[in-house]
Protein chains: 2
Amino acid sequence: MNERLRKRTDSGDEDLLFLTDDQIRRGIEAMFFAYRGFTADPDRILARSGYGRAHHRAIHFIKRFPGTTVNNLLDILGVTKQSLNRVLRRLIDDGLVESRVGEQDRRQRNLYLTAKGEAFERELSEAQRRRVRAAYRAAGPEAVAGFRTVLEHMMDPDLRRHYEALRRRRDGA
Amino acid sequence: MNERLRKRTDSGDEDLLFLTDDQIRRGIEAMFFAYRGFTADPDRILARSGYGRAHHRAIHFIKRFPGTTVNNLLDILGVTKQSLNRVLRRLIDDGLVESRVGEQDRRQRNLYLTAKGEAFERELSEAQRRRVRAAYRAAGPEAVAGFRTVLEHMMDPDLRRHYEALRRRRDGA
DNA sequence: AGTTTATGTCAGCTTCGTTGACATTCCAAG
DNA sequence: CTTGGAATGTCAACGAAGCTGACATAAACT
């Protein structure tokens, strides 16, 4: 572990060197550069078919929550329905996503990936997982645990709770 | 530390449970949600003045590298010069950034924040640091070290080297 | 019957990516 | 010294993907 972060005073106080403005600033820049690396591979694949990150996000969450409704997706993605609709329209027209009228509530549309959509999702997610796995492997398990911990604290708490509720609902049913 | 990540076989092999597809996928989603939180506060401030993230990025790196050239900024930001120019044009017209013709090479433009630009930069960066600092504090120093380690490995290695060379040049001169 | 909710769509605006064309400046080869 | 290519910066136009506002439709709820 970084020596500069482990120093303590002999009175036992936490050393707060990891909270200096300069350390924080480095973290901010690292986040910016890392996010670029994080999206680079899927971006290339998406560009081949004329899609963007918006399509990737929709595909990803439909894969995780098959049968989810449009409203649900709106909450997770945090965009307007007009914006999502443009993306979804294209995915449906291209035969990657299927939209079925809800059984209990026929106003709702339940969204599913088609076989073609599943294949594309696999291509995207394998590319991205490869990159993240390489970073994880290089950094080691302790670093990964810390990485996840900081990210959890950086999210909007409401969104995090909402998302975990969705996951529980999915896994519990 | 997460117990599931610490298990080892009695032969001493690393347990690779932190590299399962499901763990990686959770990391990917965490990255997505965290990045939203990470940019939320500056986004609000920027929106008040009709700016976007592109302006924030330009301001940030001009602050870090006063007198940097347009080409330098292009390498760091990873966009086309035409795209950056629009952003820079506006910042210059609004009196946040000053562009001075290079002394040795008069094709170059050296970029500086004006007093007004410095003030705006401070407002943006304080908002973002507040959020990141809160996450750091909640997660603790070990987690932060791990966070930084994983992010470093997630970046494009060439970009990382390039950026560190710039930093050394700045700090060494 | 009237209201609310879920979804979809049209029009129009903005940011911020892109490519192409072009002007300016510098440097180096002839 | 001149001239042609390389580096740099700007202008124009296009596209993707956000946004707001208005409105339509259908289903569900009261």
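The basis for the numbers below is simple: all heavy atoms, side chains too, and nothing from hydrogens, waters or symmetry mates. Here the structure is a predicted model, which means the values were calculated and not measured.
If you check D:dG9, D:dA12, C:dT7 against the side chain of A:Lys81, the one that comes closest is C:dT7. You'll find that the side chain of A:Asp105 is closest to D:dA27, out of D:dT10, D:dA27, C:dT9.
Atoms CZ (A:Arg57) and C1' (D:dA17) sit 9 Å apart, rounded to a whole Å. In this entry the distance linking CD of A:Gln108 with C1' of C:dG8 reads 15 Å, nearest Å. C:dA6 atom C1' lies 12 Å from atom CG of A:Asn85, rounded to whole Å. B:Asp75 places its CG atom 11 Å from the P atom of D:dG9, with the value rounded to the nearest Å. Atom P of nucleotide C:dA6 and atom CG of A:Asn110 are separated by 13 Å, given to the nearest angstrom. Between the CG atom of B:Asn72 and the P atom of D:dG9 there is a distance of 10 Å, given to the nearest Å. The interatomic distance linking A:Arg106 (CZ) with D:dT25 (P) rounds to 17 Å, in whole Å. To the nearest angstrom, C1' of C:dT25 lies 20 Å from CZ of B:Arg100.
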Steps toward side-chain hydrogen bond (donor to acceptor under 3.5 Å, both in side chains) verdict (B:Thr39, B:Arg53): CA-CA 8 Å; B:Thr39 53; B:Arg53 279 184 207 171; 3.0 Å; yes
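Within a 6.0 Å radius of CD in B:Glu164, more than 12 heavy atoms belonging to other residues, nucleotides or ligands are found.
Among the protein residues, B:Gly50 comes within range of the sugar-phosphate backbone only, with heavy atoms under 4.0 Å from sugar or phosphate atoms but none that close to a base. Among the heavy atoms of the strands, none lies under 4.0 Å from B:Gly102. In this structure, A:Thr69 reaches the sugar-phosphate backbone alone: every heavy-atom distance under 4.0 Å involves primed, P, OP1 or OP2 atoms, never a base.
Using a 4.0 Å cut-off, no side-chain N or O of B:Asn71 falls inside it from OP1 or OP2 of D:dA7. Checking the phosphate oxygens (OP1, OP2) of D:dT8, no side-chain nitrogen or oxygen of B:Arg109 falls inside 4.0 Å. Side-chain N/O atoms of B:Thr80 include one lying less than 4.0 angstrom from OP1 or OP2 on C:dT18. When the side-chain nitrogen and oxygen atoms of A:His55 are compared with OP1 and OP2 of D:dA17, one or more of them lie within a distance under 4.0 Å.
Checked against a 6.0 Å centroid threshold, the rings of A:Tyr163 and A:Phe65 count as neighbours.
Checked for salt-bridge contact, B:Glu29 and A:Arg57 miss the test: no charged N lies under 4.0 Å from a carboxylate O.
Nearest-nucleotide mapping onto DNA chain D: of B:Leu74 and A:Leu84, the residue sitting toward the 5' end is B:Leu74.
In the interface, the side chain of A:Arg86 is paired with the base of D:dG18 through a donor and an acceptor atom under 3.5 Å apart. Residue-to-nucleotide contacts include a donor-acceptor pair under 3.5 Å from the side chain of A:Gln82 to the base of D:dG21. For A:Arg107 and C:dT5, a side-chain-to-base donor-acceptor distance below 3.5 Å is present, hydrogens and geometry of angles not being considered.
Using the six-membered ring where Trp is involved, B:Phe120 and B:Tyr51 have ring planes that are tilted, between 30° and 60° apart.
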